[in-house]
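Just the heavy atoms: all of them, side chains too, but no hydrogens, waters or symmetry mates, feed the values below. Note that ligands are numbered from 1 as they come in the structure, with each ligand's atoms numbered from 1 the same way.
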Amino acid sequence: MSKLIDGKAFADRLCATLAEEVVTLKKDNQLSPCIAVVLVGEDPASATYVGAKVKRCEQLGIDSRSHHLDVTTSEEELLSLIEQLNNDPEVHGILVQLPVPKQINGDAVINAINPDKDVDGFHISNAGALAVGQNNMVPCTPLGSLMLLQDELGDLSGMNAVVVGRSNIVGKPMAALLLQQSCTVTIAHSRTKDLPAVCREADILVAAVGIPHFIQADWVKPGATVIDVGINRIKDEATGKNRLVGDVDYSAAAEVAGAITPVPGGVGPMTIACLMYNTVAAAKNQAGIA
Ligand code: NDP
């Protein structure tokens with residue numbers, strides 16, 4: 001049985017450190033880190049995510065300003081709000097909860113955010129900065145996954161890393177971060193040939209696919225470290241209730257892996273903790289504090 005990587009405990013430790021830093025910033029620098037969270041429409045999952053983020057802000061003493069816009073909001077109206085937030089010196093981070101309703105071009109909205117306030121790290125210039133190793137705001141889920149890997153393994157240099165998934169928000173930035181750590185990185189996706197064989201080469205296996213229990217135990221190299229990014233809601237046969245599962249067949253893979261993140265309680269809490277981390281970093285950057 002492998003070691004469980006406790007993302008919730010790590011996230012709690014990171015948030016405790018950030019809370020102390022926020023106290024110091026307020027006291028010594030008269031700087032009160034602040035994030036604006038924008039939600040358009042009534043998608044229940046998005047509302048839950050926003051609620052969790054705002055709650056974490058409260059716990060850390062980070063100011064949060066919620067902007068809940070109607071589902072019929074036009075792109076122009078949303079862009080106008082972004083401009084207002086870009087120009088507000090008291091707002092250090094701007095997060096637009098995705099997805100946005102179909103009349104709005106999500107990419108246009110994200111790219112309208114001042115890159116220094118883009119605490120999700122999705123702006124095209126932040127993606128480019130990451131690709132060339134000049135990291136500014138780094139996407140929260142890959143950043144949190146990297147922190148867990150470094151905590152577990154220390155120096156990652158020379159390890160074979162396989163990232164399954166090539167999305168702009170998880171797979172690609174995860175691969176870029178692992179490459180920066182001098183891993184030998186393979187990015188796998190839906191067209192990859194013989195995916196099980198590719199996965200079996202991985203010392204570090206990151207699953208970001210969006211298919212419940214997709215990665216099988218016999219795809220995992222014995223002793224490998226497995227990071228399960230997936231968050232999938234499935235109906236529990238026994239209880240009839242929805243529950244969250246990852247992209248990895250956890251119980252079977254845990255028999256083979258050296259260490260593995262659970263779902264829930266693995267990468268998920270790290271995503272929110274890294275949003276807090278990015279918000280504090282953005283506030284310090286904008287105030288010229290090293
Ligand atoms: P996307 O749907 O954007 O990307 C999924 C990726 O998986 C694509 O690159 C796709 O390949 C690849 N894929 C799909 N089917 C297969 C297959 N059969 N074999 C190999 N690769 C395949 O998802 P995201 O990256 O946004 O999210 C991935 C998962 O992570 C989801 O479960 C999501 O809920 C979760 N997530 C969790 C977060 C957290 O906080 N823990 C945050 C963000 C996401 P192709 O490009 O070829 O189509």
For Ser125 and His123, does a side-chain donor sit closer than 3.5 Å to a side-chain acceptor? yes

Determine whether Thr225 and Ile260 make a side-chain contact, defined as any pair of heavy atoms from C-beta on separated by less than 4.5 Å. no

Has Asp6 got a side-chain atom pairing as donor or acceptor with Lys8's backbone, closer than 3.5 angstrom? yes

Between ligand 1 and the protein, tabulate every N or O atom pair separated by less than 3.5 Å, reporting distance only.
unit_1   : atom_1 : unit_2 : atom_2 : d
ligand 1 : 9 (O)  : Arg166 : N      : 2.8
ligand 1 : 11 (O) : Ser190 : N      : 3.3
ligand 1 : 21 (N) : Ser190 : N      : 3.3
ligand 1 : 25 (O) : Ser167 : OG     : 2.5
ligand 1 : 32 (O) : Ile231 : N      : 3.1
ligand 1 : 34 (O) : Ile231 : O      : 3.2
ligand 1 : 40 (O) : Thr271 : OG1    : 2.7
ligand 1 : 41 (N) : Val229 : O      : 3.3
ligand 1 : 46 (O) : Arg166 : NE     : 2.7
ligand 1 : 47 (O) : Arg166 : NE     : 3.3
ligand 1 : 47 (O) : Arg166 : NH2    : 2.8
ligand 1 : 47 (O) : Ser190 : N      : 3.1
ligand 1 : 47 (O) : Ser190 : OG     : 2.5

Considering only heavy atoms from C-beta outward, does the side chain of Leu195 approach that of Phe214 to under 4.5 Å? yes

Those residues at least two apart in sequence (or on a different chain) that pass side-chain contact (heavy atoms from CB on, under 4.5 Å) with Ala112 are Leu79, Ile82

Kindly indicate whether the side chain of Thr24, heavy atoms from C-beta on, has any atom under 4.5 Å from the side chain of Lys27. no

